[in-house]
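Before any comments, here is the structure.
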Amino acid sequence: MTIINVLLPLAIADAYSYELPEHLHVNIGDFVEVPLGSRKMIGVVWPSKPNQKIVSKTKLKLVISAVEMQPLSMQLIKFINWVCDYYISPKGMGLRLVLNVPEAIGQVQNIAAVCLGSGQLERSTKAREQVLNAIQKGEIYKKSELAKRAGVGTGVVDGLLKMGVLSHSQMPKFAKFEAPKTNHNLAELAQDQQIAAKSICNAIDANKFETFLLDGVTGSGKTEVYFAALAATIKQGKQAVVLLPEIALTVDFLQRFENRFGVKPAPWHSGLSKGARERVWRAIASGEAKIVIGARSALFLPFVNLGLIVVDEEHDGAYKQDSGVLYHARDMAVVRANIGKFPLVLASATPSLETYLNATSGKYTHLVLEKRHGGAKMPHVKAIDLRANAPQNENGNQRFLSEPLITAMRAKLAKNEQSLLFLNRRGYAPLTLCRACGHRIACPQCDAWLVEHRHNGRLMCHHCGISTKKPTACPECEVEDKLVACGPGVERIFEEAQELFPEARIELLSSDMHMSVDELQRRLAIITNGECDIIIGTQMIAKGHHFPHLTLVGVVDADLGLENGDPRAAERTYQLLNQVAGRAGREQKQGNVLLQTYTPDSPVMRAMIAQDREAFYKAEAYGRELAALPPFGRLASIVVSSKEQKKAFEFARAMIDQSPKVTGMVILGPAPAPMGFVRGRHRVRVLARAPKGFKMQDWLKSGMLSLKPKGDLKVQTDTDPYSFF
Ligand code: ADP
Ligand code: ZN
């Protein structure tokens with residue numbers, strides 16, 4: 001009797017054992033259909049654990065059938081096991097990250113089509129002639145497609161099929177991905193680019209695991225460098241994946257790839273249709289698609305011979321998955337490259353402190369591009385101290401733009417140059433206050449104020465998404481017309497700019513405006529063509545874009561994000577400000593950046609003004625080392641939630657009582673999480689801090705997590721947390 005392990009893509013900790021019928025033969029990685037309760041499910045034959053003894057107390061169920069398709073590679077299986085062990089997640093959830101396109105499991109079926117037949121045309125009509133003109137011998141079309149080409153209804157095609165003039169045929173369901181042309185449109189690399197590209201290509205040729213930090217200011221030509229590395233990987237016959245934060249995955253970027261390589265890459269992001277996902281998944285599994293450009297989940301695609309991973313904007317917080325398996329795609333990219341023995345490129349103008357220290361200590365190979373390509377200069381950065389330059393309120397209206405910023409914008413307008421106002425806050429105002437009773441309108445099910453969105457007249461919770469129509473009377477004291485908006489969101493800045501510069505052409509871009517891709521493209525084109533004077537936007541405008549006419553960036557609230565109790569708050573603020581600043585003066589004209597701040601002397605603002613990155617990293621590293629925070633120590637966050645706060649607290653305390661005492665381990669909490677109430681559930685947090693190198697996972701599993709939550713209690717464990725809400 002042969003017993004095999006089969007992992008199913010469900011929230012189950014490990015693979016289940018099944019008996020393999022005599023007539024079936026399978027290997028590790030093969031897809032099989034098995035019974036599960038009264039259902040049937042497709043899973044993957046999984047390796048047994050090192051000391052696994054298969055003892056079957058009851059009779060094992062039989063595998064139903066083997067599914068005909070390319071098996072999962074051993075490399076991917078090892079990777080899934082590694083990721084799930086690290087993040088203490090059920091293996092089945094790891095497999096689900098791979099098998100998230102159910103349509104792609106099994107052989108792809110051809111679809112019905114038509115071609116020319118051998119029958120005679122009995123009676124010619126204009127419509128029939130049109131069809132026959134639209135199809136040549138040897139060509140195959142879907143019926144509807146042929147009718148469309150000919151400009152007739154499908155009935156005409158049916159008629160010709162009946163006569164035998166056309167006959168039934170079959171065609172592949174999906175168009176093929178063409179191989180990228182490595183020499184299609186070569187950029188001549190500058191010397192520093194050449195040195196960097198050569199270093200990466202050497203590792204590619206040597207099939208060697210090596211992590212590179214490609215570290216260069218915005219506009220220094222990092223993309224061109226890793227394009228050269230992609231070309232080298234393709235020449236080797238291997239596949240490569242470029243990861244980008246979802247928000248930077250613009251049509252622009254895909255177009256740039258196409259310009260360089262003559263063909264479209266395989267895209268992977270949340271906006272793909274079902275059909276497009278199936279096409280990409282299958283093309284990767286078969287090895288047909290060579291280059292994938294995708295969001296973090298592209299790391300779990302079933303490549304057959306992956307030879308390079310590029311993580312662009314490696315410092316971006318969007319690489320951390322926030323539900324299910326809480327993986328960090330940049331960290332796990334290092335793991336996948338290590339398992340597969342191939343190189344990895346992390347690119348950024350403002351690397352994460354973790355990556356920066358790994359590069360300066362020699363663990364990663366540090367490749368530096370110091371200057372902007374083509375001689376564009378770095379922008380001049382200045383702070384506007386809001387304590388001395390408070391914006392002047394007008395007719396009782398709160399104002400947010402200070403005089404120096406307004407003056408600078410006016411000067412740009414006069415010179416026909418563009419300005420950008422950046423505020424990382426969606427909506428009109430973050431708080432609505434009643435002037436009669438002082439009541440602040442909060443979300444009924446979260447610890448958060450409701451944010452006013454004026455374009456649709458609603459108050460919205462940015463945590464759970466609920467929204468209500470903005471009332472005219474205070475919900476507390478019922479007095480009419482006393483509600484006032486407090487603080488700015490981008491919509492309000494847009495309103496202020498319109499009043500200040502009535503003659504200017506202004507574009508507002510915010511991620512909550514739910515623009516179609518076409519609409520977004522149209523607006524970006526307006527900006528690129530210089531048909532706009534002032535751009536106002538949230539984070540979505542900070543990344544990746546190249547606006548040739550933009551020479552002034554004004555940051556409305558540079559302090560935003562600094563005071564939120566997150567150990568990486570300063571680092572993140574610095575990265576974001578740098579990225580926004582990098583939009584200014586990307587061509588010949590000098591760019592200027594003005595930061596409105598109440599803390600011009602904080603390390604972040606000082607580093608921005610002096611453009612002294614190294615000083616910032618030094619100070620930041622020193623502070624984190626003193627506090628034993630990552631990367632000098634390790635953190636795990638355990639959030640217990642329940643509808644009753646008392647229950648959550650009791651359980652969290654019981655968990656702590658269970659955990660073995662270890663010297664050097666500090667347990668903080670339980671305490672209400674910074675967002676202590678979300679979607680109607682109370683959240684209580686425990687933070688565990690351990691010395692670097694400590695096996696946090698084993699400690700958690702043998703202690704806190706050995707206590708199983710009951711009833712409505714839920715426990716979420718995050719090893720290496722990035723979100724501290
Ligand atoms: P980064 O990725 O570092 O921000 P990019 O690769 O986007 O920089 O380069 C910035 C600009 O310079 C782009 O418009 C790019 O096309 C151009 N560029 C970079 N390197 C070269 C090169 N070797 N030859 C021609 N143009 C280049
Ligand atoms: Zn809410």
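Just follow the structure's listing: the first ligand is 1, and inside any ligand the first atom is 1. Below, all heavy atoms of this structure are taken into account, side chains as well, without hydrogens, waters or symmetry copies.
At the top of the distance list for atom 4 (O) of ligand 1, counting protein heavy atoms only, stands Gly219 N, 2.8 Å. Nearest non-hydrogen protein atom to atom 17 (C) of ligand 1 is His373 CD2, 4.0 Å. Remark: minimum distance from atom 20 (N) of ligand 1 to any protein heavy atom is reached at Gln193 NE2, 2.9 Å.
Residue Glu188 has at least one heavy-atom neighbour below 4.0 Å for each of these atoms of ligand 1: 22 (C), 23 (N), 24 (N). Using a 4.0 Å cut-off to heavy atoms of Thr223, the atoms of ligand 1 that qualify are 2 (O), 5 (P), 6 (O), 7 (O).
Ring pair His453/Tyr428: centre-to-centre distance not below 6.0 Å. For Phe227 and Phe261, the ring centers are positioned less than 6.0 Å apart.
Using a 4.0 Å cut-off between charged side-chain N and carboxylate O, Lys320 and Asp718 make a salt bridge. A salt bridge links Arg454 with Glu452: at least one charged nitrogen is closer than 4.0 Å to a carboxylate oxygen. Electrostatic pairing of Lys222 and Asp215 does not count as a salt bridge here, judged by no charged N lying under 4.0 Å from a carboxylate O. Salt bridge status for Arg523 with Glu519: present, with a side-chain N to carboxylate O gap under 4.0 Å.
The CG atom of Asn416 sits 10.0 Å away from the NE2 atom of His549 when rounded to the nearest 0.5 Å.
Side-chain contact of Gln579 with Glu313: a donor-acceptor pair under 3.5 Å is present, judged by distance alone.
Proximity of Val217 to ligand 1 is established by a heavy-atom distance of less than 4.0 Å. Using a 4.0 Å cutoff on heavy atoms, Gly216 does not count as a contact of ligand 1.
Protein atoms of type N, O or S found under 2.8 Å from the Zn ion (ligand 2) total 4.
Every side-chain contact (heavy atoms from CB on, under 4.5 Å) that Leu431 has, sequence neighbours left out, goes to Arg440, Trp449, Cys486. With sequence neighbours left out, the side chain to side chain donor-acceptor pair (under 3.5 Å) criterion links Ser641 to Arg681. Contacts of Glu354 classified as side chain to side chain donor-acceptor pair (under 3.5 Å), with partners at least two apart in sequence or in another chain: Arg568.
Residue contacts with ligand 1: Gly221 is placed with a nitrogen or oxygen under 3.5 Å of a nitrogen or oxygen of the ligand (distance criterion only). The shortest N or O to N or O distance between Ala187 and ligand 1 is not below 3.5 Å.
Distance screen at 4.0 Å: atom 14 (O) of ligand 1 has no protein heavy-atom neighbour inside the cut-off.
Of the candidates Glu224, Arg256, Lys222, Gln194, Arg256 brings a heavy atom nearest to atom 7 (O) of ligand 1.
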